[in-house]
Q: 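Got a structure for you, written out below as structure tokens; questions coming shortly.
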Amino acid sequence: MVTQPAFTHDRAGTPAAAWAASPRWAAARDLVLPSTRSRLVVVGAHPDDETLGAGGLIHAAACAGWPVDVVSATAGEGSHPGSTTHSTEELAVRRRAELTTAISLLAPSATVRCLDLPDGGVADDVAGLVATLVEVIGIDGDRVLLCAPWRHDGHPDHEAVGRAAAVAAVRTDAQLLEYPVWLWHWGGDDDLPWAETSTLSLAESARAAKRAAVAAHATQVAPLSDRPGDEVLLGPDLLAHFDRSTEVFIAREAPVEDDSLDLVHREREDPWQVDSPYERRKRALTLASLPDETYGRALEVGCSVGALAVDLAGRCDDLLALDASPEAIRLAQRRTSSLPHVEVRLAHVPEEWPDGTFDLVSVSEVGYFLSPRQLDEVVRRSRAALTERGHLLLCHWRHQPVGWPLAGPAVHEAFLDAGLSTGLEVLVEHQERDFLLHVLGAPR
């Protein structure tokens, strides 16, 4: 992959005919709507991105009876910065209306949402965009096909939206497709990751609907007026890239690294205020809820800065504490440095689950930072890792963390359902307004 050159829409780019003539299209896979998915969420940086890059997919999903949600990060108010006839506010109003009209032509029942992030400034609020996309996708992400601009499209807003969608896909288990827009203008044969490229064949009805939807973005495909600064942005040469009999998507690119929790620990050494009265009392209740005075080998999943690890260390012979954040590991190792029977290890669960069995498995304040599929696997592995008389300790905040699909009650419900079906029973249950606590174990 080469570094994208600087480009503008009004400079000559790669002709559509040059792209069409590439012999490498023969290697692209055919894309069909996956049978494992049943809902489409399409996100764009500006109104018209979704139509240009994925209008045919939107139409195909709607024709298949899928619910369709379309999200535009910005209203595209910065498209004509030199206009003397339209203010940014007026452009925003027009472009939102164009988005609604265009999507109604592709998928009449689709929901359309414009987030009104600053045009040109999406990169400043990627975390907020991730949170919104996670909310839109919800807890059934394993049924969602998520489609977003390509992370290497050459436009900062497109790339920021692509990164946000990639993180949202990881957190929700949505299947991610990425669509290029500006690549067709600035790029060439060597810039498309052909091994990850698929093409969706468009029926003539889909092409006609897409042409009508493109035309609905009048502020972009026609001049605002005959005055300077109101020139057309998407001329015939640019639009030719999107009037193909196929749409092009990139899939299976390496998952984005979601370092949000590591960033939390880098920004603050005590992000969860572990020495506050609330946290101290919660840990005291947690320790008091353990049925056995001592345990042999214990596992803590999600140790953060190590406050609970210090407390658990006093109740077990050996403790293995895991976390996926390198900064959290550094802080936890410092906190437990005087405890030789405590090992603090960097690990991403469930993929890097430790070997062996444990007399105590603690999953505290971490379950809602997993995707639903990851949580299911952690539940399974936790149960399998328990010794015959071992205990499973759960403690989670009851409220909805911003940016993740699961909340504490759903996490506990998953463990309770699996535990009760595999021979465990609830030994301890404690509920308060702000947190839940359960201890599961075999009947004694």
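Each residue takes its place number in the sequence, starting with 1. Here the structure is a predicted model, which means the values were calculated and not measured.
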Q: Working to the nearest 0.5 Å, report the span between CG of L287 and CG of L308.
A: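 CG of L308 is found 7.0 Å from CG of L287.
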Q: Where do E98 and A216 come nearest, in terms of heavy atoms and distance?
A: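 So the two residues come closest at CG-O, 3.2 Å.
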Q: Just by distance, with hydrogens left out, do S364 and S362 show a side-chain donor and acceptor under 3.5 Å apart?
A: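 S364 vs S362: no donor-acceptor pair found between side chains.
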Q: For salt bridge (Lys or Arg N to Asp or Glu O under 4.0 Å), just list the numbers for R381 and D376, CA-CA rounded to whole Å, side-chain angles, deciding distance to a tenth of an Å, and then say yes or no.
A: CA-CA 9 Å; R381 288 180 177 268; D376 288 345; over 6 Å; no
Q: Between V274 and R283, does a side chain to side chain contact (heavy atoms under 4.5 Å, CB included) hold up when you go through it step by step?
A: CA-CA 9 Å; V274 297; R283 289 199 304 276; 3.8 Å; yes
Q: Can you list the steps and then say if V214 with F242 is a side chain to side chain contact (heavy atoms under 4.5 Å, CB included)?
A: CA-CA 9 Å; V214 170; F242 306 100; 5.6 Å; no
Q: Aromatic ring centroids of Y368 and H396 under 6.0 Å?
A: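 Judged by ring-centre distance (under 6.0 Å), Y368 and H396 do meet the cut-off.
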Q: Hey, are D258 and S260 close enough side-chain-wise for a donor-acceptor pair under 3.5 Å?
A: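 Judged by distance alone, the side chains do pair up.
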Q: Measuring from L386:CG to L392:CG, what's the distance to the nearest 0.5 Å?
A: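 Taking CG in L386 and CG in L392, the distance rounds to 5.5 Å.
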Q: State, with a plain yes or no, whether a side-chain heavy atom of R94 is found less than 4.5 Å away from one of H86.
A: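 Sidechains of H86 and R94: in contact.
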Q: Is L177 close to I250 at the side-chain level, that is, under 4.5 Å between some pair of heavy atoms?
A: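 Not touching, per the 4.5 Å side-chain cut-off.
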Q: Within the distance-only criterion (no hydrogens, no angle test), does the side chain of D69 pair as donor or acceptor with the backbone N or O of V41 below 3.5 angstrom?
A: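 No: the side chain of D69 does not pair with the backbone of V41.
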Q: Where the side chain of R383 meets the backbone of T422, is there a donor-acceptor pair that is under 3.5 Å apart?
A: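 Yes, R383 side chain to T422 backbone: donor-acceptor pair under 3.5 Å.
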Q: Just by modelled atom types, is the W397 backbone N or O under 3.5 Å from a matching donor or acceptor in the E365 side chain?
A: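 Indeed, once roles are kept as given, a pair shorter than 3.5 Å links the two residues.
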Q: Please name the pair of heavy atoms, one in P326 and one in L346, separated by the smallest distance, quoted to 0.1 Å.
A: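 Looks like N-CD1, 3.8 Å.
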Q: Of all the heavy-atom pairs spanning S382 and W353, show the shortest one and how long it is.
A: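 Scanning both residues completely, I find the closest heavy atoms to be OG-CH2, 3.4 Å.
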Q: Do you know which two heavy atoms are closest between A418 and S421, and how far apart they sit?
A: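 Smallest heavy-atom distance, with atoms named: O-OG, 2.9 Å.
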Q: Salt-bridged, R24 to D190, with N to O below 4.0 Å?
A: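 Counted as a salt bridge, because a side-chain N and a carboxylate O are separated by less than 4.0 Å.
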Q: Under a 4.5 Å cut-off applied to non-hydrogen side-chain atoms, are D173 and R143 in contact?
A: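 Of all side-chain heavy-atom pairs linking R143 with D173, none is under 4.5 Å.
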Q: Heavy-atom distance under 4.5 Å between the side chains of W25 and T246, does that happen here?
A: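 With C-beta onward as the side chain, the pair stays apart.
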Q: Report the distance from atom CZ of F249 to atom OG1 of T199, rounding to the nearest 0.5 Å.
A: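 Separation between the atoms: 10.0 Å.
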Q: Below 3.5 Å, can you tabulate the donor-acceptor pairs from side chains in residues 399-410 to any protein atom, sequence neighbours excluded?
A:
| residue | atom | partner | partner atom | Å |
| --- | --- | --- | --- | --- |
| H399 | NE2 | D434 | OD1 | 2.8 |
| Q400 | NE2 | W404 | O | 2.7 |
| Q400 | NE2 | L406 | O | 3.3 |

Q: If only atom types and distance count, is the side chain of E178 paired as donor or acceptor with the main-chain N or O of R151 below 3.5 Å?
A: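 Indeed, once roles are kept as given, a pair shorter than 3.5 Å links the two residues.
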Q: Assess, by modelled atom type and distance only, whether the side chains of E50 and S72 contain a donor and an acceptor separated by less than 3.5 Å.
A: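 The answer is no; no qualifying pair exists.
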Q: How about E432 and H430: does a side-chain donor come under 3.5 Å of a side-chain acceptor?
A: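 On atom types as modelled, these side chains qualify, holding a pair under 3.5 Å.
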Q: Output the distance between atom CG (D259) and atom OG (S325), rounded to the nearest 0.5 Å.
A: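 With rounding to 0.5 Å, CG (D259) is 9.0 Å from OG (S325).
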Q: If you count heavy atoms of other groups shown closer than 6.0 angstrom to CG of L263, is the number above 12?
A: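 Check passes, neighbour count above 12.
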Q: Is any side-chain heavy atom of L57 closer than 4.5 Å to a side-chain heavy atom of L33?
A: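 Sidechains of L33 and L57: in contact.
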Q: Is the backbone of A328 close enough, under 3.5 Å, to the side chain of D323 for a donor and an acceptor to pair up by distance?
A: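 Not at all, since once roles are kept as given, no pair shorter than 3.5 Å links the two residues.
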Q: May I ask you to say whether R163 pairs ionically with E257, meaning some side-chain N is under 4.0 Å from a carboxylate O?
A: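 So R163 does not pair with E257 through a salt bridge.
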Q: Might you confirm whether atom CD of Q273 has over 12 heavy atoms from other residues, nucleotides or ligands at distances under 6.0 Å?
A: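 No, CD of Q273 has 12 or fewer neighbouring heavy atoms, counting only those of other groups under 6.0 Å.
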Q: Could you please spell out the steps behind the side-chain hydrogen bond (donor to acceptor under 3.5 Å, both in side chains) verdict for H185 and T14?
A: CA-CA 5 Å; H185 180 66; T14 307; over 6 Å; no
Q: Nearest 0.5 Å, what's the CG-OG1 distance between L233 and T219?
A: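 It is 7.5 Å, given to the nearest 0.5 Å.
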Q: Given side chains that start at C-beta, do those of R171 and V167 come closer than 4.5 Å, heavy atoms only?
A: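 The answer is yes, as the side chains (C-beta and beyond) meet within the 4.5 Å cut-off.
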Q: Taking all heavy atoms of D270 and all of D275, pick out the closest pair and write down the distance.
A: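 Residues D270 and D275, closest heavy atoms: OD2-N, 3.9 Å.
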Q: Can the ring centroids of W182 and W150 be said to lie less than 6.0 angstrom from one another?
A: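 Distance test on ring centres: not under 6.0 Å, no.
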Q: Is there a side-chain contact between V305 and E269, using heavy atoms and a 4.5 Å cut-off?
A: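 Sidechains of E269 and V305: no contact.
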Q: Contact between V144 and D140 at the side-chain level, heavy atoms closer than 4.5 Å - yes or no?
A: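 No, too far: nothing below the 4.5 Å cut-off.
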Q: Before giving the answer on side chain to side chain contact (heavy atoms under 4.5 Å, CB included), spell out for H241 and R244 the whole-Å C-alpha distance, their side-chain angles and the decisive distance to 0.1 Å.
A: CA-CA 7 Å; H241 293 292; R244 301 186 181 102; 4.3 Å; yes
Q: G306 and T336: which non-hydrogen atoms are nearest, and at how many Å?
A: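 Answer, listing the atom of G306 first, then T336: O-CG2, 4.3 Å.
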Q: Return yes if some donor-acceptor pair links the side-chain N/O of E77 with the main-chain N/O of D119 below 3.5 Å, else return no.
A: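 At least one qualifying donor-acceptor pair exists.
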Q: Please answer whether the main-chain N or O of A45 pairs with a side-chain N or O of D49 as donor and acceptor at a distance below 3.5 Å.
A: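 Checking the backbone N and O of A45 against the side chain of D49, a donor-acceptor pair under 3.5 Å is found.
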Q: Using atom types as modelled and distance alone, determine if a side-chain donor or acceptor of T132 lies under 3.5 Å from a backbone N or O of G128.
A: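 Present.
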Q: Are the ring centres of H155 and H46 closer than 6.0 Å?
A: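 For H155 and H46, the ring centres are under 6.0 Å apart.
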Q: Check this for me, if you would: do R211 and E204 make a salt bridge, where the nitrogen-to-carboxylate-oxygen distance has to be below 4.0 angstrom?
A: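 Yes, R211 and E204 are salt-bridged.
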Q: Can you tell me if S304 and W272 form a side-chain donor-acceptor pair at under 3.5 Å?
A: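 Present: a donor and an acceptor within the cut-off.
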Q: Judged by modelled atom types alone, do H217 and D48 share a side-chain donor-acceptor pair under 3.5 Å?
A: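 Note: H217 and D48 side chains miss the donor-acceptor criterion.
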Q: Between D243 and R207, is there a side-chain N and carboxylate O pair less than 4.0 Å apart?
A: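 Yes, this pair counts.
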Q: Short question: side chain of R113, backbone of V70 - any donor-acceptor pair under 3.5 Å?
A: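 Answer holds: no.
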Q: Taking it one step at a time, do D311 and T286 satisfy side chain to side chain contact (heavy atoms under 4.5 Å, CB included)?
A: CA-CA 10 Å; D311 291 337; T286 298; over 6 Å; no
Q: Above 12 or not: heavy atoms from other molecules or residues under 6.0 Å from CZ of R398?
A: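 More than 12 within 6.0 Å, yes.
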Q: On the 0 to 90° scale, with breaks at 30° and 60°, tag the W184-W19 ring pair as parallel, tilted or perpendicular.
A: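 W184 and W19: perpendicular rings.
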Q: Roughly how far, to the nearest 0.5 Å, is the CG atom of L146 from the CG atom of L133?
A: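 Separation between the atoms: 6.5 Å.
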Q: State whether the side chain of W66 and the backbone N or O of A60 hold a donor-acceptor pair below 3.5 Å, judged by distance alone.
A: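 Here the side-chain-to-backbone pair does not exist.
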Q: Less than 4.0 angstrom from a charged side-chain N to a carboxylate O is my criterion; do D262 and R266 meet it?
A: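 Looking at D262 and R266, the cut-off is met.
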